[in-house]
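Below you'll find the structure, written out as structure tokens, and then a few comments.
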Amino acid sequence: MSFCKDCVRGVTHEGTPTGTWEEIAGIKVYVGTPTIDYPKDKVVLFLPDIFGVELINAQLLVDDFAANGFKTIAIDYFGGDAAPADGMNPGSTWDISKWFPNHGPAQTRPILDKVIKALKEQGITTFGATGYCFGGRYVFDLAFENIIQASVVSHPSLLQIPADLEKYAASSKAPLLINSCTVDQQFPLEASAQADKILGGFAPGYKREYFEGCSHGFAVRGDLSDPKVKAGKEGSFKATVEWFVKHL
């Protein structure tokens with residue numbers, strides 16, 4: 001297990017979610033459906049950080065992807081037991097080291113696989129995935145197995161650098177966008193440099209965006225009162241949408 005202090009810090013955003021709570025194969029999901037016509041065989045998988053789909057910030061992002069024409073499904077792979085939103089608050093006694101052992105790959109990956117299998121049975125043939133922190137690990141894993149056709153990670157956690165970058169280059173066919181930032185123990189500037197070196201010539205497509213003045217978590221839980229963080233959150237979202245428009 002490897003997390004950093006920014007994995008459990010952040011700000012709850014304001015807004016009114018417009019998506020719907022549904023069940024797919026018995027798994028709770030939050031779904032954003034475009035109001036315009038959209039391809040019924042494509043889905044963007046929204047793979048959240050440890051605060052899960054219950055965090056309003058995640059729901060608002062799903063809604064925004066739907067508003068840009070992508071049916072988007074956020075999966076509750078923590079089984080209703082994501083990290084509590086108030087765990088982000090200064091002085092919180094919530095302990096990630098006690099929570100994570102019961103919410104690792106052994107518990108969460110089968111849930112993810114179950115939803116993907118059901119979606120395929122419903123006629124979905126093309127998947128994009130956008131993963132944040134914890135969810136970034138799963139974007140890589142799904143790309144290794146070529147389950148997804150387009151990949152985006154924002155401040156990913158739990159990656160082995162450079163091994164996972166090398167494996168991505170060797171085994172995946174999915175174009176990859178990385179949204180990186182200045183302060184990130186999980187994906188530091190050295191990792192960004194290695195990604196550019198290893199994936200710079202990646203034939204399916206590679207791009208890395210860099211958001212100066214931002215810290216790990218900025219794309220989901222950033223303090224929007226900080227102009228640089230607000231620009232980073234909005235910029236990473238825009239880059240992600242453009243990546244899916246190009247590659248899905």
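Heavy-atom basis, side chains included; hydrogens, waters and symmetry copies ignored. Quick caveat: nothing in here was measured; it's all calculated off a predicted structure.
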For this session: For salt bridge (charged side-chain N to carboxylate O under 4.0 Å, His left out), just list the numbers for Lys117 and Asp113, CA-CA rounded to whole Å, side-chain angles, deciding distance to a tenth of an Å, and then say yes or no.
Result: CA-CA 6 Å; Lys117 181 176 183 288; Asp113 290 340; over 6 Å; no
Exercise. Should the pair Glu212-Lys228 be classified as a salt bridge under the 4.0 Å nitrogen-to-oxygen rule?
Worked result: yes
For this session: Could you grab the distance from atom OH of Tyr77 to atom CG of Leu45, nearest 0.5 Å is fine?
Result: 10.0 Å
For this session: State whether a side-chain donor-acceptor pair under 3.5 Å links Thr33 with Tyr38.
Result: no
For this session: Please test Tyr30 against Thr72 for side-chain hydrogen bond (donor to acceptor under 3.5 Å, both in side chains), starting from the C-alpha separation and ending with a verdict.
Result: CA-CA 8 Å; Tyr30 181 81; Thr72 305; over 6 Å; no
Problem set entry | Side-chain donor or acceptor of Asp86 paired with backbone N/O of Trp94 under 3.5 Å | no
For this session: Give a yes or no answer on whether the side chain of Gln186 reaches the backbone of Leu158 with a donor-acceptor pair at less than 3.5 Å.
Result: yes
For this session: Give me the ring orientation class for Phe211 and Phe218: parallel if the planes are under 30° apart, tilted from 30 to 60°, perpendicular past 60°.
Result: tilted
For this session: Go through the structure and list residues passing ring-ring contact (aromatic ring centres under 6.0 Å, His included) with Phe46, not counting sequence neighbours.
Result: Tyr132
For this session: Could you go through the side-chain contact (heavy atoms from CB on, under 4.5 Å) check for Ile161 and Phe187 one step at a time?
Result: CA-CA 9 Å; Ile161 306 296; Phe187 198 81; 4.0 Å; yes
For this session: Give the C-alpha distance, both sets of side-chain angles, the deciding distance and a yes or no for side-chain hydrogen bond (donor to acceptor under 3.5 Å, both in side chains) between Tyr206 and Asp196.
Result: CA-CA 8 Å; Tyr206 167 74; Asp196 292 350; 2.6 Å; yes
Exercise. Once you round to the nearest 0.5 Å, how far does CG of Asn68 lie from CD1 of Ile36?
Worked result: 8.5 Å
Exercise. So Tyr210 and Leu189, side-chain contact (heavy atoms from CB on, under 4.5 Å) or not? Walk me through it.
Worked result: CA-CA 10 Å; Tyr210 171 73; Leu189 297 178; 3.8 Å; yes
For this session: Kindly work out whether a path of hydrophobic side-chain contacts (I/L/V/M/F/W/Y, heavy atoms less than 4.5 Å apart) joins Phe70 to Leu60.
Result: no
Problem set entry | Donor-acceptor contact present, side-chain Thr126 to main-chain Lys42, <3.5 Å | no
For this session: Check the pair Asn57, Thr12 against side-chain hydrogen bond (donor to acceptor under 3.5 Å, both in side chains), reporting the backbone distance first and the verdict last.
Result: CA-CA 6 Å; Asn57 305 22; Thr12 301; 4.9 Å; no
Exercise. Is there a chain of hydrophobic side chains (I, L, V, M, F, W, Y, each step under 4.5 Å between heavy atoms) that links Val229 to Leu61?
Worked result: no
Problem set entry | Transitive ILVMFWY side-chain link Val62 to Ile56, under 4.5 Å | no
Problem set entry | Pair Glu145 + Lys173: basic N to acidic O under 4.0 Å | no
For this session: Could you tell me whether the side chain of Glu23 reaches within less than 4.5 Å of the side chain of Val29, counting heavy atoms only?
Result: no
Exercise. Between Ser172 and Asn146, is a side-chain contact (heavy atoms from CB on, under 4.5 Å) present by the stated rule, with each step listed?
Worked result: CA-CA 6 Å; Ser172 182; Asn146 288 298; 3.9 Å; yes
Exercise. Would Ile147 end up clustered with Phe202 when hydrophobic side chains under 4.5 Å apart are linked, directly or stepwise?
Worked result: yes
Exercise. Phe134 vs Phe100 aromatic rings, parallel, tilted or perpendicular, using cut-offs 30° and 60°?
Worked result: perpendicular
For this session: Check whether the side chains of Ser236 and Asn179 place a donor and an acceptor atom closer than 3.5 Å, and report yes or no.
Result: no
Seminar exercise, completed: Value for NE2 (His155) from OG (Ser180), rounded to nearest 0.5 Å, stands at 10.5 Å
For this session: Tell me, please, whether Phe244 has Lys246 positioned over its six-membered ring: NZ or CZ under 6.0 Å from the ring centre and within 45 degrees of its axis?
Result: no
Problem set entry | Cationic N near anionic O, under 4.0 Å, Asp164 to Arg137 | yes
Exercise. How are the rings of His247 and Trp243 set to each other: parallel, tilted or perpendicular (split at 30° and 60°)?
Worked result: tilted
For this session: Considering only NZ, NE, NH1 and NH2 on the basic side and carboxylate oxygens on the acidic side, decide whether Glu234 and Lys238 come within less than 4.0 Å.
Result: no
Validation: residues 14-21 side-chain donor-acceptor distances under 3.5 Å, sequence neighbours left out:
| residue | atom | partner | partner atom | Å |
| --- | --- | --- | --- | --- |
| Thr18 | OG1 | Asp63 | OD2 | 3.4 |
| Thr20 | OG1 | Glu22 | OE2 | 2.8 |

